[in-house]
Amino acid sequence: SIDELKENMSTKEDVARLYEATMKSLEQGKMYFEKALTHGHILVEHEEKLGQHNNRLTTLESNSSL
């Protein structure tokens, strides 16, 4: 019936709320993605620095045993 159809139809306000919630989720997803990229880059930099420190320590230890 028409009453059932009216009761179950989305209103403009319903669609607007859904749109806003979707846009907010997309913005948060983009932010998390960008943070993940940044963190990945930072981890690579730290790994390189740790490798350099390891080389320095190895050199110092071998020089101190002389």
Side-chain angles (χ1 to χ4, degrees):
S1 79
I2 292 181
D3 289 334
E4 289 174 343
L5 184 61
K6 286 182 180 179
E7 185 177 322
N8 293 320
M9 269 182 83
S10 298
T11 65
K12 288 180 182 178
E13 291 82 18
D14 293 335
V15 173
R17 279 196 312 269
L18 181 60
Y19 177 80
E20 290 299 319
T22 301
M23 293 307 294
K24 185 177 179 180
S25 292
L26 288 172
E27 289 172 13
Q28 287 177 340
K30 181 181 175 186
M31 182 180 65
Y32 288 128
F33 177 75
E34 290 171 354
K35 283 184 179 183
L37 289 177
T38 302
H39 289 156
H41 180 70
I42 290 169
L43 288 173
V44 168
E45 287 180 348
H46 286 168
E47 188 174 320
E48 290 172 359
K49 286 181 183 179
L50 284 173
Q52 292 169 359
H53 288 304
N54 187 42
N55 291 341
R56 289 183 195 144
L57 286 172
T58 302
T59 302
L60 286 172
E61 288 171 348
S62 57
N63 286 341
S64 67
S65 64
L66 296 176

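The residues of the chain are indexed from 1 along the displayed sequence.
- Summarising the geometry, atom CG belonging to Leu37 is positioned 15.0 Å from atom OH belonging to Tyr32; distances are rounded to the nearest 0.5 Å.
- Summarising the local packing, CE of Met9 is surrounded by 12 or fewer heavy atoms from other residues, nucleotides or ligands at distances under 6.0 Å.
- Between Lys35 atom NZ and Met31 atom CE the span is 4.5 Å, to the nearest 0.5 Å.
- Rounding to the nearest 0.5 Å places CG of Leu50 at 8.0 Å from CD of Glu47.
- Between Arg17 and Asp14 a salt bridge is recorded (basic side-chain N to carboxylate O distance below 4.0 Å).
- The structure places CD of Glu48 at 7.0 Å from CD of Gln52, a figure rounded to the nearest 0.5 Å.
- Inter-residue side-chain proximity for His46 and Ile42 is flagged as met; some heavy-atom pair is nearer than 4.5 Å.
- To the nearest 0.5 Å, atom CG of residue Asn54 and atom OG1 of residue Thr59 are 9.5 Å apart.
- Other residues, nucleotides and ligands contribute more than 12 heavy atoms inside 6.0 Å of the CD atom of Glu45.
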